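Being a predicted model, the structure only gives us computed values, none of them experimental. Counting starts at 1 for both ligands and their atoms, in listed order.
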Amino acid sequence: MQDPNGTERVATQLHQACRDVGFFYIQGHGMSGSVSNGVRQEARRWFNMPAHVKEQIALNPHTAFRGYQQLGANVTRYDGGFQRDWHEAIDLYKEEADASASPVHGQNQWPSHSPAFEAVLRQYISGCLSIGQAVMRGIAQGLGLQDDFFESKAGGLTNAESSYWVTRVIHYPPLQEGKQESGGAAVKGSSEAAAGGEIDRAVQLSCGEHTDYGLLTIVNQDPDIPALQVKNARGEWITAAPIPGTFVCNIGDMMRVYTNGAYTPTLHRVVNADPSRSRVSVPFFYETAFDAEVAPVAALLKDNKQPMFNPVIYGRHLESKVLSNFELGGSAAAAAV
Ligand SMILES: O=C(O)CCC(=O)C(=O)O
Ligand SMILES: [Fe+2]
């Protein structure tokens, strides 16, 4: 019997999804519901704690951008200005004992006052690392490479142990009244925009449109609040509705480089249009090792195609993104909390 485990079939499906859409769902991933649901339940409980408790693990440059960020601290940058994303979150990364090599290296600030939350979050991270390594093996196979390509030197020596993973525990309250209508994202306040400051778009977003930075994102979202939107090839926003028991996955910027543009990360955003309920999601980013040099894979440069991308050190790409993600300190958002 050929392909008894169906791995070739899955590899082909992954190839088609990465090439044509950039998003796919995974099921049969092996993570128990007590972990995937439990981490969201504990997160919801934690975000309901008073602000002064949450601020005990506040994120700033001295905490290597790890920890809690209040509502509106995370921003999306557009030409000429930024808009505040309407969420609060806890950011955690792979821990590094030597913090000197990068502004994002250091230890995590685990959620305060909640050992149960920390315990399930650690289980969740460990489960996602296994899933990430397994899916990357499938993606390598779908590309016609050795299934452990990404674990090899040419593939960045990335595995569950070395991945510079990130996880974001995110709480999206309902959008502010009068800002939820879809369409009409005209930029008002152009004098602010010209100065590179905060811009007042007609529509508020829970998370502005972006692509992810690394290899693979695994999204664990509330089952009953559709909010993640993906831009399709026609330029329309399509909802990636939650399917219980599955994770939504998408590929990031490094996959475009490795495949010399054959796979392109897809723009996505979050709009919690529910006026009465907040949404929790816990995306996990299975990323390249920090020092990995990412370059178009020679075996994928068919027909003497030239590489379209210069090699990138993943950690430098990550730093440039993280350092511009926040508008911390006294803000309109602080007043709104
Ligand atoms: O909350 C979600 O569904 C996805 C969030 C996201 O795209 C991100 O954090 O990069
Ligand atoms: Fe994302």
**Report entry** Under 4.0 Å to a heavy atom of His268 - the qualifying atoms of ligand 1, by number
**Finding:** 7 (O)

Query raised in the report: Taking the N/O/S atoms of His210 one by one, which is nearest to the Fe ion (ligand 2)?
Result: NE2

Query raised in the report: Does His87 come within less than 4.0 angstrom of ligand 1, counting non-hydrogen atoms of the residue?
Result: no

Report task. State whether a side-chain donor-acceptor pair under 3.5 Å links Asn74 with Gln69. Result -> yes

Requested in this report: Could you tell me whether Arg168 approaches ligand 1 through its side chain, its backbone, both or neither, with non-hydrogen atoms closer than 4.0 Å?
Outcome: side chain

Query raised in the report: What part of Asp212, side chain from CB on, backbone N/CA/C/O, both or neither, has a heavy atom under 4.0 Å from ligand 1?
Result: side chain

Requested in this report: Within a distance under 4.0 Å of any heavy atom of Tyr172, pick out the atoms of ligand 1 and give their elements.
Outcome: 1 (O), 2 (C), 5 (C)

Query raised in the report: Between Phe247 and Phe284, is any pair of side-chain heavy atoms under 4.5 Å apart?
Result: no

Report task. Check whether any heavy atom of Pro283 sits under 4.0 Å from an atom of ligand 1. Result -> yes

**Report entry** Atom nearest to the Fe ion (ligand 2) - Asp212, N, O or S atoms considered
**Finding:** OD1

Requested in this report: Look at Asp3 together with Arg9 and state whether they make a salt bridge at an N to O cut-off of under 4.0 Å.
Outcome: no

Requested in this report: Give the contacting part of Thr217 toward ligand 1: side chain, backbone, both or neither, where contact means a heavy-atom distance below 4.0 Å.
Outcome: neither

Report task. Give a yes-or-no answer on whether the side chains of Arg44 and Ser278 include a donor-acceptor pair shorter than 3.5 Å. Result -> yes

Query raised in the report: Counting from 1, what ligand 1 atoms have a heavy atom of Arg279 closer than 4.0 Å?
Result: 1 (O), 2 (C), 3 (O)

Query raised in the report: Looking at Arg277 and Asp224, does any basic side-chain N land under 4.0 Å from a carboxylate oxygen?
Result: yes

